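These notes are about the structure you will find just below.
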Amino acid sequence: MEEKLQRLKTLLAESADLAHAAALLEWDQQVNMPEGGTRSRSEQLSTLQRLAHERFTADEVGQLLEDLQPYAEQLDPDSMDARLLYVTGRDYKKRTKVPASLVAEFTETASRAQQVWARARANDDFAAFAPHLQRIVELRREYAALFAPYDHVYDALLDDFEPGVKTADVQAVFDALRPQQVELIKAIGERPQVDDSFLYGKFDEQRQWDFGVEVLTKVGYDWKRGRQDKSAHPFTTSFGNDDVRITTRVDTGFFNSAFFATLHEGGHALYEQGIADEFSRTPLQNAASLAFHESQSRMWENLVGRSRPFWEYFFPRLQEVFPAQFGNLSLDAFYKGINKVEPSLIRVEADEATYNLHIMLRLEIEIGLMDGSMQVKDLPEIWNTRMREYLGVVPPNDAQGVLQDVHWSGGMIGYFSTYALGNVISAQLWEKILEDIPDLDEQMRQGKFDALLAWVREKIHRHGAKYEPKDLLQRVTGSAMDPAPYMRYLKSKFGEIYGL
Ligand code: CO
């Protein structure tokens, strides 16, 4: 049995190496590659990805998993090998269930749809995109049908990003959040708006970059096992826990853009750098789920990086870096400015209080498309009606409405809710963290983040994908997914800022 386990680990390691090599090529494409490289790069990527997939879904892997079943049952269910066999078996079953013809048609449809979407958005032409979206929905329904019987047709899509989480779980959380968030935003809208004009102006690029690096270093990002570069869209990528890279972009006219993106991606990277060494080159060397990943990026970006104690430490330093912009500004004004709440049209620019509502709208549409209660042609109207209802704003055109995100054109249905669940989980973890580190605010005021990082390392990061998200959350917080901590956080923070 030991031999069979070793053989399985070898095959998984080769698959992981191939996937990491592909990820490195993708990183290079976003960061360094000259424009002319596109064609040969996409050929190289598709070869590597195919080889990684073939290695992972090989008949031999299936046979080894079957042979190792009795062995797995004797192991401590909490041991690394027991969990490795479980997670590998789960992923193997999912990935081998999908016929190659469906994968090929889906990939081709999505790749064409993405090009059409880019044009449709530029021309504000939803009708041009609609038939492509329709085809994507049909193919996603075919995919979901492979996993019947299910509680909900959307479950299979969600499961690709949040293993074990059901549509009903997400709906319960969102149904509880929606009315409370809508009410909070209304109340904020009736108060005098805070000023954030000082965040716009002229901010030297190198100084922004250096300040971001200084803060990342302080919170514990390990530069010996990572680096930061520039790309059009900030992202984090990992080739193993000893090489986890981030990117950012710099807007010389707006302070928030680079700084908070840097901290957000830094949060993702701290997670990946913290996964246990023993999980290297296995399917356990991943985050528990996308929502858990996002809980970490949001924690550093918002719960830490938009908190008053954080800036009590860093604001004097920021004033030295940008004396003309911030030299005469009070900490209080700065804190309120970076936390300004304003319902807006574009999800990626949304503040903490309004963000989840953008997500809920998308989830409702995805579920409606999958269960057939909504039709593609009606989406612009549905979109605009709900934007008015939830956020009180209506897009003047579809480019700033239903066409704004790339996800659906790429076939990524099921992804959006992980952003909002990440917020919810981050607040649940935060309440637990404050119980265990009661003087955390004081530590942050002194620029100390080591106890906080050690906590998330111990409770979350090191476990990688060993536990499924619901199980991990239960182990760490003793509770299921619960929107109450997030609402408490929003109400207390914005209640203070806006005097509610
Ligand atoms: Co993120």
Side-chain angles (χ1 to χ4, degrees), residues 121 124 126 170 173-200 251 253-257 260-261 264 294 298 301-303 305-306 333-366 368 379-408 416-424 426-427 483 486-500:
R121 186 172 75 156
D124 181 30
F126 181 77
V170 182
V173 169
F174 286 7
D175 287 348
L177 274 179
R178 189 184 309 101
Q180 297 184 70
Q181 287 207 243
V182 169
E183 193 192 335
L184 177 66
I185 292 161
K186 279 214 180 97
I188 289 172
E190 285 159 12
R191 302 290 305 159
Q193 187 52 285
V194 302
D195 177 28
D196 69 343
S197 55
F198 46 83
L199 296 168
Y200 301 84
D251 178 346
F254 181 38
F255 171 75
N256 288 12
S257 182
F260 289 106
H264 181 98
E294 200 66 10
R298 297 258 163 191
E301 179 193 353
N302 291 329
L303 291 145
R306 281 189 167 88
F334 179 78
Y335 169 71
K336 287 179 175 161
I338 57 168
N339 284 296
K340 180 180 177 182
V341 173
E342 190 169 46
S344 62
L345 301 172
I346 307 295
R347 174 185 62 86
V348 296
E349 291 162 13
D351 54 73
E352 277 185 277
T354 57
Y355 189 88
N356 286 350
L357 293 167
H358 290 268
I359 298 301
M360 290 175 202
L361 161 69
R362 286 157 179 77
L363 178 79
E364 290 159 18
I365 289 176
E366 290 184 350
L379 292 192
E381 199 195 319
I382 293 170
W383 185 282
N384 295 349
T385 308
R386 294 192 191 199
M387 280 297 286
R388 177 182 292 125
E389 207 179 300
Y390 298 167
L391 286 157
V393 289
V394 181
N397 53 52
D398 292 334
Q400 289 172 278
V402 68
L403 284 172
Q404 67 183 263
D405 296 304
V406 67
H407 301 59
W408 293 338
F416 276 123
S417 51
T418 68
Y419 294 125
L421 297 178
N423 287 332
V424 167
S426 73
Y486 193 64
M487 277 320 300
R488 281 197 282 274
Y489 162 71
L490 289 182
K491 280 181 183 160
S492 124
K493 177 173 186 173
F494 295 103
E496 194 251 330
I497 291 173
Y498 281 93
L500 302 175

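Nothing here was measured: the structure is a model prediction, and the numbers come from that model. Here, residue 1 is the first one in the sequence, and each next residue gets the next number.
Annotation: the span from N423 atom CG to Y489 atom OH amounts to 9.0 Å, rounded to 0.5 Å. Here CG of N384 is found 6.5 Å from CG of D398. Values are rounded to the nearest 0.5 Å. Considering CG of D251 and CG of L199, their distance stands at 11.5 Å, rounded to 0.5 Å. To the nearest 0.5 angstrom, L403 atom CG is 9.0 Å from W383 atom CH2. Interatomic distance, CG of L357 versus CD1 of I185, reported as 4.5 Å (0.5 Å rounding). Atom CZ in R306 sits 6.5 Å away from atom CG in N339 (nearest 0.5 Å).
By the side chain to side chain donor-acceptor pair (under 3.5 Å) test, Q181 is found to be paired with N356, residues two or more places apart in sequence or in another chain being considered.
Among residues at least two apart or in separate chains, salt bridge (Lys or Arg N to Asp or Glu O under 4.0 Å) pairs with a member in residues 349-365 are R178-E364, E352-K493, R362-D405, E364-R386.
A 4.5 Å side-chain heavy-atom check between N256 and D196 finds every atom pair outside the cut-off. Side-chain contact check for E294 versus L421: every heavy-atom pair is 4.5 Å or farther apart. L361 places none of its side-chain heavy atoms less than 4.5 Å from the side chain of R347. Taking the side chain as every heavy atom from C-beta outward, I346 and Q404 approach each other to under 4.5 Å. Counting only heavy atoms from C-beta outward, the side chains of V402 and P395 never approach each other to under 4.5 Å.
Taking the six-membered ring where tryptophan is involved, the planes of F334 and F198 are tilted, since the angle between them lies from 30° to 60°.
Enclosure of atom CD in E389 by more than 12 non-hydrogen atoms of other residues, nucleotides or ligands within 6.0 angstrom is indicated.
Checked against Y498 for a side chain to side chain donor-acceptor pair (under 3.5 Å), the options K340, K336, Q193 give a single hit: Q193.
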